[in-house]
Undergrad: 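Sharing a structure below in structure tokens format, with a few things to ask.
Chain A is the first sequence line, chain B the second, and so forth, proteins listed ahead of strands; every chain is numbered from 1.
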Protein chains: 2
Amino acid sequence: MKFLVKENPDNDQLFNFINEAFSKRAFLLLFACCKVKYEGRAVSRLGLGDRTMIIKGDGSFLIHQDRNLEPVNWQPPGTKFTVELDDHRLYLRGSRRNPKEVLEVEICQAYLASYHTGRDIQMLELVGYEEDMRDMIMADPGIIEEGFRPTAREYSTNTGFIDILGKDKNDNLMVLELKSRRAGVNAVKQLKRYLDSFVDHKKLVRGILVAPSVTEDALELLEENGMEFLALEPPMDLKDSGVLTLEDF
Amino acid sequence: MKFLVKENPDNDQLFNFINEAFSKRAFLLLFACCKVKYEGRAVSRLGLGDRTMIIKGDGSFLIHQDRNLEPVNWQPPGTKFTVELDDHRLYLRGSRRNPKEVLEVEICQAYLASYHTGRDIQMLELVGYEEDMRDMIMADPGIIEEGFRPTAREYSTNTGFIDILGKDKNDNLMVLELKSRRAGVNAVKQLKRYLDSFVDHKKLVRGILVAPSVTEDALELLEENGMEFLALEPPMDLKDSGVLTLEDF
DNA sequence: CATTAGATTTCGGCA
DNA sequence: TGCCGAAGTCTAATG
């Protein structure tokens, strides 16, 4: 891995440094006083100030101010870059088509520039989604209730896909709406719409919202519509991938 | 603004450097070989690799790999940090309550550490949102059609808020659903649900989707339900804030 | 390439 | 503080 750092480069030096980084498809880090302009899906302007910028080898472009998790301006992967030196003013532009958008940074003074060419092949292992809940329920339907039998996963209706469709021990149809986080009224409305698509069904159709918790409003709406809530946490156990050992942490 | 850079610090030096940055609530930048562990809303593990980390003065914590716009791990503003040196292994932890979650980085070797204490007071000016469209329509209802009179903004129904409610020149109720970008079938379904809440209304109720463009599916669904589409671009003119001058760009 | 649904969504606004 | 809705959402999966 090549790794270079330059402190307080003038714009001529920075121009060369950035071009060097681009030619190597490196991970570029900049800290500089700059102005920012964006035009594309919206239009934005940001006046002069000190920002930290990241340009990744895949064309991701992030500009961070000193607060908030989210970048103040950005460009997704696939962005093409140009850098232009115009009478000691340095313009860094990232452009994309589809949608057509341009992010332009005018750098007045850079404090830090650095790039590195290493690749990071490690993949994040992550659990705790709705999908993990589905897997868990399909593998062990009894956690919903005794006698529950799933009949379909991702069952298609005219208003969308039902997470899990099944029957209870009395052969009543059960529509399960899963949420991996605290569920709100929208989840209940969604469940209601699924039930509506079974309106001409002969037997009872039960609607069950499955989530770790539910808002008070949502619970009221559930009860008003004769639907049920079942508290269930998404599974948080990482599958053994062989990459990590007990010693890792 | 204080600004410090340290290249290839050993973990003892890094420990002091990070503590210094924390005591100043500085913007901290790290590039290091590390392992990452997250437990909270979900659970994740990331094996050894080179990552760029940002810790902001407001408690935002970002860990970036060499690809993708989004950080591979993160913690929102308000995170509290601790740094621990244990037999030359350095642990950087960010903790939050509500929800309870911890992000831990084990740093093996740091390549770059830097912090700065400047504040960036510039605010982003952004236009092109739904809200700007609402403002534009409320200020000049004629752009919808001749004789249109808005009667309510954010009118509440049992399925949500109607963007703009009004009447046409023949006193028919008009329900406007605004989208600042290309509208899809979901926007049409939403509009349909709003219209359904006026089902027992005596006179004609018109449903109008207002957006710069619409998907073909959505247009079909609109026509099937006797609703209308109106092409309207969100305003892209920056409001005069006094912060920027003509010379800015 | 477009569409869709989920996200450790984040963020702002309002009660 | 909690909830709801929008976002230049992003991202992976799917047709």
Undergrad: Could you tell me how far apart E130(B) (CD) and dC4(D) (P) are, to the nearest whole angstrom?
TA: 18 Å
Undergrad: So, S44(A) and N73(A): side-chain donor and acceptor under 3.5 Å apart, yes or no?
TA: yes
Undergrad: Within this structure, what is the CE-to-P distance between M133(A) and dG6(C), rounded to whole angstrom?
TA: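 Distance check: M133(A) CE to dG6(C) P gives 12 Å.
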Undergrad: Would you classify P76(A) as touching base, sugar-phosphate or nothing, given that sugar-phosphate means primed atoms plus P, OP1 and OP2, and contacts are heavy atoms under 4.0 Å?
TA: base
Undergrad: Nearest whole angstrom, please: distance from the C1' of dT9(D) to the CG of N68(B).
TA: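 In whole Å, dT9(D) C1' and N68(B) CG are 14 Å from each other.
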Undergrad: Mapping S180(B) and D217(A) to their closest nucleotides on DNA chain D, which lands nearer the 5' end?
TA: D217(A)
Undergrad: Say whether S213(A) and R182(A), considering side chains only, have a donor N or O and an acceptor N or O under 3.5 Å apart.
TA: yes
Undergrad: Does a nitrogen or oxygen in the side chain of R181(A) sit under 4.0 Å from OP1 or OP2 of dT8(C)?
TA: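 Answer is no, no contact under 4.0 Å.
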Undergrad: If you check every side-chain atom of T215(B), which of dA5(C), dT3(C), dC4(D) has the closest atom?
TA: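 Nearest to the side chain of T215(B) among the choices is dT3(C).
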Undergrad: Rounded to whole Å, how long is the line connecting atom CD of E177(A) with atom P of dA5(C)?
TA: 11 Å
Undergrad: Any base atoms under 4.0 Å from V43(B), or only sugar-phosphate, or nothing? Heavy atoms, all strands.
TA: nothing
Undergrad: For R25(B), does the CZ atom have more than 12 heavy-atom neighbours from other residues, nucleotides or ligands under 6.0 Å away?
TA: no
Undergrad: Indicate whether OP1 or OP2 belonging to dT9(C) is found under 4.0 Å from a side-chain N or O atom of W74(B).
TA: no
Undergrad: Without decimals, in angstroms, what is the distance between L62(A) CG and dT10(C) C1'?
TA: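 Taking atom C1' of dT10(C) as the reference, CG of L62(A) is at 14 Å.
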Undergrad: Between E154(A) and R134(A), is the closest basic N to carboxylate O distance under 4.0 Å?
TA: yes
Undergrad: Taking any heavy-atom pair under 4.0 Å as a contact, classify P77(B): base, sugar-phosphate, or nothing.
TA: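 Sugar-phosphate, backbone atoms only, no base.
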Undergrad: Go through the N and O atoms of the side chain of N73(B) and the base of dT8(C), and report whether any donor-acceptor pair is under 3.5 Å.
TA: yes
Undergrad: Quick one: on DNA chain C, does N98(A) or Y38(B) contact a more 5' nucleotide (nearest heavy atom)?
TA: N98(A)
Undergrad: So does R182(A) get a side-chain nitrogen or oxygen closer than 4.0 Å to the phosphate oxygens (OP1/OP2) of dC3(D)?
TA: yes
Undergrad: Please confirm whether the ring centroid of F61(B) lies under 6.0 Å from the ring centroid of F81(B).
TA: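 Centroid distance F61(B)-F81(B): below 6.0 Å, so yes.
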Undergrad: Give a yes or no on whether M123(A) atom CE has more than 12 heavy-atom contacts from other residues, nucleotides or ligands under 6.0 Å away.
TA: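 It does not: M123(A) CE has 12 such atoms or fewer within range.
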Undergrad: Please confirm whether the shortest side-chain N or O distance from R45(B) to OP1 or OP2 of dT8(C) is below 4.0 Å.
TA: no
Undergrad: Given atom CG of L126(B) and atom C1' of dA6(D), what is their separation to the nearest angstrom?
TA: 12 Å
Undergrad: Start at the 5' end of DNA chain D and walk down; is the nucleotide closest to R67(B) or to G184(A) reached first?
TA: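 By nearest-heavy-atom nucleotide position, the 5'-most residue is G184(A).
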Undergrad: Distance check needed: dA15(C) P versus E216(A) CD, whole Å only.
TA: 18 Å
Undergrad: If the C1' atom of dT8(C) is compared with that of dT14(D), how far apart are they to the nearest Å?
TA: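 Approximately 25 Å lies between the C1' atom of dT8(C) and that of dT14(D).
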Undergrad: Starting from P on dA13(D), measure out to CD on E131(A) and report it in whole angstrom.
TA: 9 Å
